[in-house]
Amino acid sequence: MNQYAALIPFFPLAGFVIIGLMNTKLPKNVAAILACGMLLISFCLSLGVFMNISGQSNEVQLAPWISVGSFSASFTFLLDPLSSIFLMIITGVGFLIHVYSVGYMHDDEKHNIFFAYLNLFVFFMLILVLASSYLLMFVGWEGVGLCSYLLIGFWFKNKSYNDAAKKAFVMNRIGDLGFLLGIILLFITFGSSDYHIIFPKAQGFMSGDGMITAITLLLFVGAIGKSAQIPLYTWLPDAMAGPTPVSALIHAATMVTAGIYMVARSGILYALAPVSMFVVALIGVVTAVFAASIALTQNDIKKVLAYSTVSQLGYMFLGLGVGAFSASVFHVMTHAFFKALLFLGAGSVIHGLAGEQDIRNMGGLRKKLPITFLTFLVATFAIAGIPPFSGFFSKDEILAHAFTSNKLFWVLGVIGSMMTAFYMFRLLFLTFYGTYRGNEHKVHAHESPKVMTIPLIILAILSTIGGFVGVPESLGGSSQISHFLDPVFKPAQDKMMLLEGSSSVSEVALMGITVAVVLASILLAWYLYISRKRVPAAEGARLPALQNLSYHKYYIDEIYTALITKPLDKLSEFFKNIVDNKLIDGIVNLSGKATEAVSDLMRFVQTGNVDFYLLAMVIGIACILFFKLM
Amino acid sequence: MTDLKAIPLDWYILLSSILFCIGIMGVLFRRNAIIIFMSIELMLNAVNLLLVAFSAYHNDAAGQVFVFFTMAVAAAEIAVGLAILIVVYRNTKSTDIDVLNRLKG
């Protein structure tokens with residue numbers, strides 16, 4: 001099985017090469033079928049790997065890569081429970097989104113190149129999770145960043161979309177620098193970047209070792225950039241400029257979880273650095289609440305979902321930070337299902353309303369887009385954490401671990417999930433309930449074609465039942481997923497020596513509290529947006545202070561502009577006007593002028609008078625002789 | 001050989017120096033190109049004389065061989081120089097070197 005497993009990433013690569021090279025020469029439907037087919041093959045292989053993995057980890061060496069002195073790196077894939085789960089998510093959800101894109105992108109003039117990019121993205125994402133060394137992971141890491149840039153700026157004729165793409169790229173670069181420094185430190189400390197060398201060696205280190213702490217913090221900087229956490233999260237909401245399937249695949253289900261994957265993969269290192277763990281948990285939970293509070297007042301359907309993604313990623317980091325690695329991976333999985341579903345549902349709405357994204361101009365769509373409505377409803381239940389939908393199990397497992405580790409984290413987490421429930425139901429009510437507020441004559445809302453609704457239905461089923469693989473023991477389940485991942489996280493868990501204190505009774509009580517709070521905020525949303533038929537204020541209207549702050553995203557973009565961009569611009573201007581124009585150009589011009597001036601003097605020597613030349617020659621020879629003889 | 005050595009070497013050196021200086025003076029102070037050539041010839045032959053004298057006193061034939069080379073090269077030099085001079089004369093109707101000041105910087 002393993003030798004076939006090595007082929008998994010190369011089918012999407014083949015798809016990219018073929019579609020990319022043929023481009024417009026390929027008929028649209030051929031390109032679409034090719035792209036989806038490649039993903040389907042990869043998915044089948046991934047399924048095979050997943051079925052056969054049974055806890056052990058295998059390395060598949062493909063080819064040597066770099067070998068310089070004592071340093072060597074090779075293309076080696078690692079197959080273990082963790083990577084196999086990610087394989088399933090990437091190829092499975094990826095395939096569904098590819099199929100959906102066939103309908104969504106059907107009329108786009110760059111249809112074929114879109115599928116080429118999507119395939120390339122899947123290739124790099126698979127490299128990222130299959131890599132058996134940090135170096136190879138970095139290749140995938142950069143590759144997905146590139147594809148993200150290409151796809152955010154897919155409609156590059158729009159300048160603001162282009163700016164969004166650049167913003168995403170720059171923000172990611174900041175994170176990547178941290179990741180790269182982390183890899184270099186790893187190499188200095190362990191002499192290699194291969195997992196199978198680093199992880200066993202790391203077990204010999206003391207807990208709280210300075211080097212390990214530095215490494216993990218630097219790696220986390222990378223994760224912050226890629227997974228859109230405070231303070232580098234601002235690119236993700238802007239990344240919604242890309243086509244909606246891209247938002248679903250890259251900016252919700254897969255790429256942004258790369259940071260989670262990387263931290264989970266380095267679990268043993270983090271387990272040795274309590275400081276880093278605390279930082280991870282803190283940033284996670286603060287981001288979760290912060291982003292959720294912004295989502296409360298946004299009016300763009302995709303922006304709400306974008307902030308919700310940032311918030312959910314925060315939960316995953318909270319889970320990692322409190323040592324609940326398998327719970328975080330579980331949440332990655334369920335989040336991939338319901339967030340992909342939400343984005344695709346939003347895409348279906350946008351498609352049906354001919355490009356309208358403002359929820360103030362929607363409403364009453366539940367009759368016109370019944371399938372979209374039902375699937376969106378399921379996803380909303382899942383993300384809000386209502387049992388027995390998938391989000392409930394994964395989020396509550398994270399919160400239960402947070403409770404054991406630090407009560408404050410748990411409180412913040414519960415506040416976050418309260419907000420999550422509110423903004424999701426606000427979105428649902430404003431979009432699908434009430435009466436249509438848009439221009440009825442201009443736009444004829446219509447349900448999307450089957451090729452788009454079928455992926456929605458499949459994802460809705462997954463969002464409903466996906467949680468059952470991780471039903472905790474306290475609810476009579478067997479938390480299969482955490483047993484499945486145990487071989488990977490065992491060393492890290494041992495190092496942490498978790499206090500398995502909370503009895504199942506208090507776990508159930510915690511769940512009860514969370515669910516009650518969530519239901520209360522759903523009722524609040526119901527009261528505001530259904531009973532009182534409230535509609536968010538129009539652009540430019542005066543809002544109460546707090547609401548205003550949230551609506552303007554706490555002016556974070558403006559603060560960054562004032563604190564970082566503006567001073568940088570000023571510095572550049574200084575360097576351009578003073579250093580470059582005056583100093584550097586001055587030196588260059590001075591050397592020219594000096595040559596000219598000296599030449600001006602020297603030309604008087606050239607008298608044209610042969611007598612003078614002869615005299616000069618004789619004197620010269622005499623001088624040489626004189627000095628020679630002296 | 002004895003005849004040669006009857007005259008002390010100093011005198012040869014003195015004669016050569018005087019001839020050489022006359023040549024230099026001629027080169028520096030005359031305007032006529034032909035005279036300058038003659039002065040150069042004088043300088044060359046002053047050196048030749050010196051070489052031959054030393055050669056004789058040191059019983060070393062190398063000096064005399066060297067003189068032959070000098071004479072051959074001088075002949076070639078004069079041939080080229082006079083050819084240039086003829087061209088200059090055709091253009092300027094003069095052999096005065098002060099006329100040749102077109103290369104003034």
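Below, chains carry the letters A, B, ... as their sequence lines are ordered, and counting in each starts from 1.
- Heavy-atom distances place the side chain of B/Arg31, and not its backbone, under 4.5 Å from chain A.
- To the nearest 0.5 Å, atoms CG (B/Leu28) and CG (A/Asp611) are separated by 8.0 Å.
- The CD1 atom of B/Ile24 lies 11.0 Å from the CG atom of A/Leu614; values are rounded to the nearest 0.5 Å.
- Few gaps surround CZ on A/Phe190; more than 12 heavy atoms of other groups in view lie less than 6.0 Å from it.
- Atom OH of B/Tyr89 has 12 or fewer heavy atoms from other residues, nucleotides or ligands within 6.0 Å.
- The neighbour count for A/Met211 CE, taken as heavy atoms of other residues, nucleotides or ligands under 6.0 Å away, is above 12.
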